[in-house]
Amino acid sequence: MGIGKYIKEIGRGKDGARPLSREQAADLFGQVLDGTVTDLEIGGFCLAMRIKGETPQEMAGFLDATHARLNLVPDAAAAPSPLAETPDARAHTASHNCRPVIVIPSYNGARKLPVLTPLLALLLAREGLPVLLHGVATESTRVYTSKVLLALGVHAQLAIKRISVGEIAFAPTEVLCAGLARLLDVRRVVGLRNPAHSVVKLMNPCAGKSLIVSSYTHPEYAVSMAATFALMQSNAMLLRGTEGEAVADPRRMPQMDGFVAGQRTVLQEAQAGTLPTLPDLPKEFDADTTAAYIQRVMSGNSPVPPSIARQVEHILHLSRQL
């Protein structure tokens, strides 16, 4: 075993490195996740991929290995209530319960703006969708979704559970896949991102129907992530997020693309510049202040930022196609 033969291929520099096949990438990444390789090999893999960059085929292989090792969230579907006696009532209940889980990766946190990923999740749950957020703190200087959710009374799951319709849940990465959490932690040592940071934004941790809401920070990632969603035949939304979070920037309207079984459509064209009317966002972005703002929006005392409201509409539209 060992991944030295793969590092030899991907570690020849930006121009000399050779891409791995999907099967080779799955084998390599599986060994890394399983912890059967040395720290030196992991460091070599991370640095080589950072210099070379991942191809869509390699990323698909990394995702294949990850999906084989995830603790999957059970299907959100449930049997119709025994109280639903009429055929129409049973049909309505079954339809409502079979709604896909909306999966929102949250790994970047807030640097300058409030992290409004929890607001997006709560707005979707209010529409009757089950919502799974997952993430881990990868830096010590940012405010993360987990802290805001805690301020809102939503505690992290200690074990994977079924998510009910209209409910939000937060799963730490370690609960989904301990090996993936370990690989994300490498950033604290070497100071650079590695393929795990892309995997967590693309992976599907659900056993049943789901829709991944993902984001990119730089235009080149929009191309590679779209190609990977197509290869994986994913159901997803992809947009340029807010400081790396998968929520629309409240100050502008980003482009939003939808994927159904890997087939891409443009849901929302980007609008140049800032929106004509900007929301009254809090000046501070600590967890308690952000949670208080989210509560005001959910109670109707502050308006939903237009770009986030539009994002909710598009996610609802996609969810009905699944």
Student: Quick one: ring-ring contact (aromatic ring centres under 6.0 Å, His included) pairs with a partner in residues 299-322, sequence neighbours left out?
Tutor: none

Student: So, the side chain of N204 versus the backbone of I212: is there a donor-acceptor pair under 3.5 Å, distance only?
Tutor: no

Student: Counting N and O atoms only, with roles assigned by atom type, does the side chain of R240 sit under 3.5 Å from a partner on the main chain of Q255, one being a donor and the other an acceptor?
Tutor: no

Student: Contact between L113 and R251 at the side-chain level, heavy atoms closer than 4.5 Å - yes or no?
Tutor: yes

Student: Taking only residues two or more places apart in sequence or in another chain, which ones pass ring-ring contact (aromatic ring centres under 6.0 Å, His included) with F170?
Tutor: none

Student: Counting heavy atoms not belonging to E174, are there more than 12 under 6.0 Å from its CD?
Tutor: no

Student: Tell me which pairs pass side chain to side chain donor-acceptor pair (under 3.5 Å) where either residue lies in residues 279-293, with sequence neighbours left out.
Tutor: D286-T289

Student: When you measure from the side chain of E243 to the backbone N and O of R111, does any donor-acceptor pair fall under 3.5 Å?
Tutor: yes

Student: I'd like to check the salt bridge (charged side-chain N to carboxylate O under 4.0 Å, His left out) partners of E58; sequence neighbours left out, ordered by chain and number.
Tutor: K52

Student: With sequence neighbours excluded, tell me which residues meet salt bridge (charged side-chain N to carboxylate O under 4.0 Å, His left out) with R188.
Tutor: D185

Student: Counting only N and O atoms by type, is there a donor-acceptor contact under 3.5 Å from the side chain of S307 to the main-chain atoms of D249?
Tutor: yes

Student: Using salt bridge (charged side-chain N to carboxylate O under 4.0 Å, His left out) as the criterion, list what pairs up with R187, not counting sequence neighbours.
Tutor: E139

